[in-house]
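Working notes, beginning with the structure itself.
To find a chain, count down the sequence lines: A is the first, B the second, and so on, and within it residues start at 1. Computation of the quantities below employed the complete heavy-atom set of this structure, encompassing side-chain atoms and omitting hydrogens, waters and symmetry-equivalent molecules.
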Amino acid sequence: MSLTLDLFTVAAVSLGAVFFLAGTLGLLRFPDTLSRLHALTKADNLGLGLVVLGLLPQVASPLGWIGLIAVWLLALLSGATAGQLLAGAVRPPEWARLTAPGPGKDTADD
Amino acid sequence: MEASAIPTAWLAGLSAPGGVLLVVPLILPVVGLLLGLLLGGRRLGPFVFVLLSAGLAAAVVVAAAVVTGGEPMLYQLGGWSPPLGVALKADGLSVVLLLTSAVVTLGVAVYAQRDFRPPGARETRGSLAFWMLLLGVWAGLNTVALGQDLFTLFVALELLTFSAVPLVSLDGRAETLAAALRYLLFALLGSVLYLLGAVLLYGAYGTLDIGLLAVQIAAAHALPPSVLAAAALMTVGLMAKTALVPLHLWLPPAHAGAPPAASAILSALVVKGSFFLLLRIWFDLIPGLLDLPAAQALGVLGAAAILLGNLMALQQARLKLLVAYSTVAQIGYLFLIFPLAGTTSGPTWALSAGTLQVVSHALAKGSLFLAAGLIAKALGHDRIRDLAGVGRVLPITLLASGVAGLSLVGIQPSGGYLVKAALQGAAEAGGTWWWGLVLDAGGLLTAAYLLWFIGHALSGHGPHPATAKAPGRAQELVALALALGSLLLGLLPAQVFELISVGRVPPPEPIATAWAGAFHWGSLAAGLLPLLVVAVLVLAFGPWGGRRRPGPLGWPAVGAAGLGSAVGWLDARLRCWPVAGFSLLALVLTLGVGFAFGARACVT
Amino acid sequence: MSLPLSRMARGVGFFGFWLLLAGPGVLDVAAGTPSGGPVAWAAELVLGLLASLAATWASLRLLPPAPGRVRFTTLARLAARFLWQSILAGVDVALRAFDPRLPLNPGYLAYPLRIRADTDRALFGAYTSLMPGTLPVGSDTNGALVYHCLDLEKPIAAGLAGDEALWRRVRMGGLGDE
Amino acid sequence: MNEFLLAAAGFVLVTVALGLIRILRGPGDADRILAAQLLGTGGVAAMLLLGVATGLPGVTDLALLLALLAAFAAVAFVAGSGRGAAGGATPGVAEGGTGGEEPE
Amino acid sequence: MTSALAVDAVLALLIFGLALWINAARTAYGAALGFMAYGLLLALVWVRLAAVDVALTEVALGAGLTGFLLLGAAARLAPDASFDAVGVSGKGSRFLIALLCAVVAVGLAAVVLVLPDPAPTLAPLVHANLARTGVGNPVTGVLMAHRAVDTLLETLVLIPALIGIWSLSSDPDWGGRPGSLPDLSSNGPLTLLAQVLPPFGILVAIHLVWVGAEDPGGKFQGAAVLAAMWVLVLVAGLGRAPRVTSQASRLLLVLGPLVFVGIGIAGVWLAGAFLAYPEEWAKPLILAIEAALTLSVALVLGLLLAGPPVADGGGVEPRP
Amino acid sequence: MSGETLFGLCGAALVGVGLFGVICQPGALRKLIAFNLLGSGVFLLFGVIAKRGGGALAAAGQGADGDPVPQALVITGLVVAFAATAIAIALLRRLAGLNDQGRSEGEPPPASRSRSDGGP
């Protein structure tokens, strides 16, 4: 049982670490600031979630779990808003011109 | 003393339960700060006055308790004994600082009632800020006086700095803001170095209590490197906060730009707070340092401060800057005691000279800044060359300046005279006559610029009394009272000076007898003679009675002008931020290396 | 659900978060292993109530309950979709970052969001900022939400429309629509 | 297992450290704040890993604080950059208290 | 232990490298950003040094609030902002100063390396005397009982600091509201954040203060979180800072220290010493002081960030 | 070499870097940032000393990991350093505001200008 749990931890944490690496790579490789922001918010939140998931079996009391989950929820909340906030702050000045053609070509109206 | 059996018993009873009395000077300003904010600026002036009166009474009671008890009072806060807890201690040194800060602050508070009273029914910026910051300074000083723990003292120093910096920029002009910023940054640098030293001491001994540390350090076979490094760092950090040359870059603009009441507090007391800590470190914490050759370096810097400060004061065109540079010089005297402490008379004797200089300068400089403020307010400017006629408008103020000046020059029977006599005596006893030379030169230069200022003030036809704004009579009297206090310090009964040796090794010869011998009227003439010569010189060169500067000057004048500009250039360079920073680093390294070599030499 | 109820729901939610924070302290007792005795437990519980009261008060003050009702079953669906989509988003970005050819086709897309209430717009923006390939950067003059997209080839607008429809069903009006 | 968790923490740290290249290189300040954000999330993960590995109490709270303040860092940046208005087209917010109150 | 050492080495290198970069950054803004990241790294170091209490403070104060302050100033100030624009001009003198700094650092490192081993420590003493304070977190015990006077003075230091900042307004502005914070009330996502996050912040802050008695946490950390949340609300325009003349805010400012001093003075009679607690009441009293201090410190920290008052545009009469 | 030693060296190096910055950086803000670096170096040294002290305790099997006294003092120091930074920045901004005013009379001071540049 313990071995299974340990294996689960190793797998989840490793996968989480891979996503962190992906976030960093995106941050370094993507061509513009906004694309980098995509990499950051999406990959890192997933990475953090996986790390939390992996750590759950390692916490002595099952009641310690929920603290970890609280951390993840809060990180998700602030990650989602902070990403949007930064996007608004770092968008290049010409963003309005870029959207000038009007509604996107395949915009669906419902 | 025998007539005071009943008060003695009462005091003994009061100090018996561990000296809870010591908490009072600590608590009064703290409670004052908190309640003061609630009271608001409108009622703050009288409130602070009442509080300071109570504080003075408390300081007197503590002093009486210490003197009658004959040994330091100790109090363990929270009932926890060091090293776990924090102790308060009142020895002779603490008592002197407590009394001085209470007296000077009270004087300034009386003076400032008029300047910082809100005109209307509403609180104004100045009325809240000044009084609160004054309380902050007082709280910091009292904690510095009583604190026995290096970290508590650090917090107290920061309390002092955070209160002092905004006082500098209270008038809100760009120059004073810049001066305040510079003061803040340099003072912060000083505190960080001090804290670093404290950290190293904790790393070496696991405690921050001065008493416990002193015992352990004294027991060590040789001073370990951490102690030496800590000593170097703390000394330089505190020197930066005390504005010893070459780390004086912040002082002249800050002290000259502040409102007069604030300048008086800053110059008289705030710089003394950090100096006081320096005394604690060198005389109580690591007395072994005094025997090291590196102690001479402090004296050399002190001598440099005396010469540079006085020569710079001589060149100032503005009265407040003159007084500020005079502070730079007077700080130098404080540091002469370090090389002289290792002489035969013993450290306690040098310490008492240093303490006396703290008190004497605090009173005299407080008075002088207050007087300068009154003059500037009456005339609307403080250009020395245009002071003509002030003597008739503000006779009391000018008298106060003159009396305070006598003390700074060191004329009998002032406190300044006693300090110089003591330092000269120590220098001669130790065979280091050159310190005496510096003292003489400093006194003459001080006399020269003070006469220059007073001569201008007394000469010519100035503003009609009606055009000048009349200051408050109380303000003038406060300035005079502080000056007289400084002048009459030398007339105190000699036993008073024994106070300083409470709680430390008494000197071979009782302080009282040493001081008693130092003072007699017969030497007054000898002290006045050089002064007269200076007066004649000043009169000869001064542009009195409408006579402007004569055309071509002889070579002595050219030489003097050259010297003046050279000193001015040097001072301007030293007061550049990078140069001051360089000096700071160089001092840390010099002291550190000097301590290390000295300590090794002592062991072998 | 009426307004007082939704207030209480918030309070309950914050108390739940408090339990997450205080976890071991409070729940140890429930699990039968009181660590600090019943007094400490009661104290912790009372403090939790007070804390969640304070949090609820602040929350109601900062964000008064909007009109309209919330349908919880749809909300659960939305949450599940969010979770799944955010995983997809992470994987999507990771694959692009690891791909040596860096397959990106970034650009902007204006999505004419019909939700008008400020808070809901911002919430929708936050929600979509964790969806695959979309990141809202602001509103244009026509009131459309402008997205920065990693790959314009993807049918992004359709996905957004689906999200908006789901969102609408959760909120059941009160969105200040056109 | 602890060894593995520590190693994982080290790995996350190293990746975050790589991200710090963005701080060095920029090119813009926006890219620098991205690196700081990465440090925020990565820091949360690393702290959780370190905390569980070393069994220190309170590390969860630390991670919580970091998560809470990561958003605050972004706010600091946006406030500093002096450009706002990414969202609502209408200036100002309709609802919300306007009293000068403390946050409790 | 090798992984641990590797983590430490990475951290130390990162910190040092980042510090160097902060010094070398071209713009003050970049340096301030770097400093924020630096604070986060430092928090990790504190965890490695088994000082979670300090790590919490570092995250909240060192990185969070200080970073906010620095970034705000860097954004508003011209790059060559005033005062001593003369850095060190000459390459030679820069090198000389760098050399001296390096020598100081090396000397310091040498001193640190030869510190006595085993290290002298107060840890066992604190451990033995912790029970008398009633709290389980030794750091809180030291702060609130053994060295209570330091804590009292420290909260007191904040008041002259605040008065000092207020004193930087101009006379006509007295009675106005603090005006240094940016106004981003038209930023949608920011508003959302300011609406959603603060309640969680309040919960976390109360939690930190509460657990601070037993586990890492405490009033300064909690207060810093509250202050951050309050500043968030202010920046988003959802609330306004109180006027400098507001009696209510002044009351809250001094409440904590007054409670502290009051209980301290009562200790002279009740427990035999100033700042001592009767043993059976120690924990409740400490918690009461901590609660009151949290509110006061949070308000001070927020106001320190908010800056000196400026006159209102609306021309509202200041309250008497 | 242990982690503490490593961080001790790092702290000493930070003190050096901070000192250099405080002395050599142009502009008060940069000096202030460097001052914060310097302070963090000092705090770090204190933290290392705390860890060393606690290590002895842990070796004796008494549980505590780190000397709480320096940790408490560092917390106090951090708060003080924050207050110092806040005062310095307020001074700096006020000074810059006055200089701006002096340069171009009639323009609003930056305190009020900053209120208006939040919008798009």
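Proximity to chain F is limited to the side chain of E:Val126, based on heavy atoms less than 4.5 angstrom apart. In this structure, the portions of E:Ala32 lying under 4.5 Å from any heavy atom of chain F include both its backbone and its side chain. Looking at E:Ala110, neither its backbone nor its side chain comes within 4.5 Å of chain F, counting heavy atoms on both sides. Heavy atoms of E:Val104 lying under 4.5 Å from chain F belong exclusively to its side chain. Heavy atoms of F:Val17 lying under 4.5 Å from chain E belong to its backbone as well as its side chain. Within the 4.5 angstrom heavy-atom criterion, atoms from both the backbone and the side chain of E:Ala98 approach chain F. Contact annotation for F:Leu44: both backbone and side-chain heavy atoms come within less than 4.5 Å of a heavy atom of chain E. With a 4.5 angstrom heavy-atom cutoff, F:Val69 touches chain E via backbone and side-chain atoms both. Looking at F:Phe20, the atoms closer than 4.5 Å to chain E (heavy atoms on both sides) sit in the backbone and in the side chain alike. Contacts of E:Thr140 with chain F are absent, with no heavy-atom separation under 4.5 Å from either backbone or side chain. There is no contact between E:Leu125 and chain F, counting heavy-atom distances below 4.5 Å. Only the side chain of F:Ile89 comes within contact range of chain E, judged by heavy atoms closer than 4.5 Å. Neither the backbone nor the side chain of E:Leu100 comes within contact range of chain F, judged by heavy atoms closer than 4.5 Å. Contacts between F:Leu91 and chain E at a heavy-atom distance below 4.5 Å involve backbone atoms as well as side-chain atoms.
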#### Entry: Intermediate values then yes/no, side chain to side chain contact (heavy atoms under 4.5 Å, CB included), F:Leu45 and E:Leu108
CA-CA 10 Å; F:Leu45 283 178; E:Leu108 202 56; 3.9 Å; yes
#### Entry: Criterion side chain to side chain contact (heavy atoms under 4.5 Å, CB included) on E:Phe35 and F:Leu37, from CA distance to verdict
CA-CA 8 Å; E:Phe35 186 78; F:Leu37 290 181; 4.2 Å; yes
### Task
Go through the steps to decide whether E:Leu11 and F:Phe7 satisfy the test side chain to side chain contact (heavy atoms under 4.5 Å, CB included), and finish with yes or no.
CA-CA 9 Å; E:Leu11 271 176; F:Phe7 289 133; 4.1 Å; yes
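Rounding to the nearest 0.5 Å places SG of F:Cys24 at 9.5 Å from CG of E:Leu96. Once rounded to the nearest 0.5 Å, the distance linking OG1 of E:Thr27 with CZ of F:Arg30 reads 7.0 Å. To the nearest 0.5 Å, atoms CZ (F:Phe82) and CG (E:Leu65) are separated by 5.0 Å. Rounding to the nearest 0.5 Å places OG1 of E:Thr121 at 11.0 Å from CD1 of F:Ile49. Note: F:Leu78 CG to E:Thr66 OG1 = 8.0 Å, rounded to the nearest 0.5 Å.
The candidate with the highest count of non-hydrogen atom pairs below 4.5 Å against chain E, out of F:Ile87, F:Leu73, F:Val79, is F:Val79. The most heavy-atom pairs under 4.5 Å with chain F, out of E:Leu42, E:Ile22, E:Val112, come from E:Ile22. Counting heavy-atom pairs closer than 4.5 Å to chain F, the top residue among E:Asp53, E:Leu305, E:Val45, E:Leu113 is E:Val45. In terms of heavy-atom pairs under 4.5 angstrom with chain E, the leader among F:Thr85, F:Thr76, F:Asn36 is F:Thr76.
Residue pairs satisfying the salt bridge (charged side-chain N to carboxylate O under 4.0 Å, His left out) criterion with at least one member in residues 4-21 of chain E, sequence neighbours excluded, are listed as follows: E:Asp8-E:Arg48.
The closest donor-acceptor contact from the side chain of F:Asp67 to the backbone of E:Leu122 lies under 3.5 Å. Side-chain N or O atoms of E:Arg147 include none that pairs as donor or acceptor with a backbone N or O of F:Ala72 at under 3.5 Å. Using modelled atom types, one side-chain atom of F:Gln25 and one backbone atom of E:Asn23 make a donor-acceptor pair closer than 3.5 Å. For the pair F:Arg52 (side chain) and E:Pro116 (backbone), a donor-acceptor distance under 3.5 Å is present.
Between E:Trp46 and F:Phe43 the shortest heavy-atom distance is CH2-O, 3.1 Å. Taking both residues in full, the closest heavy atoms of E:Ala105 and F:Ala13 are given as CB-CA, 4.3 Å, listed atom of the first, atom of the second, then distance. Looking at every heavy atom in both residues, E:Leu304 comes nearest to F:Ala86 through CB-CB, 4.0 Å. Residues F:Ser2 and E:Leu5 approach most closely at C-CD1, 3.8 Å, considering heavy atoms. Summarising the geometry of F:Leu14 relative to E:Ala19, their closest heavy-atom pair is CD2-CB, 3.4 Å, with the distance given to 0.1 Å. Nearest approach of F:Gln71 to E:Ala50, heavy atoms of both residues: NE2-O, 3.3 Å.
Taking 4.5 Å as the limit, every side-chain heavy atom of F:Pro68 sits out of range of all side-chain heavy atoms of E:His146. For the pair F:Arg93 and E:Ser180, the minimum side-chain heavy-atom distance is below 4.5 Å.
Within residues 149-158 of chain E, the residues approaching chain F closer than 4.5 Å by heavy atoms are, in numerical order, E:Asp150, E:Glu154, E:Leu158. Below 4.5 Å, heavy atoms of chain F meet heavy atoms from E:Thr57, E:Glu58, E:Leu61, all part of residues 55-63 of chain E. For residues 160-168 of chain E, the interface with chain F (any heavy-atom pair closer than 4.5 Å) comprises E:Ala161, E:Ile165, E:Leu168, sorted by residue number.
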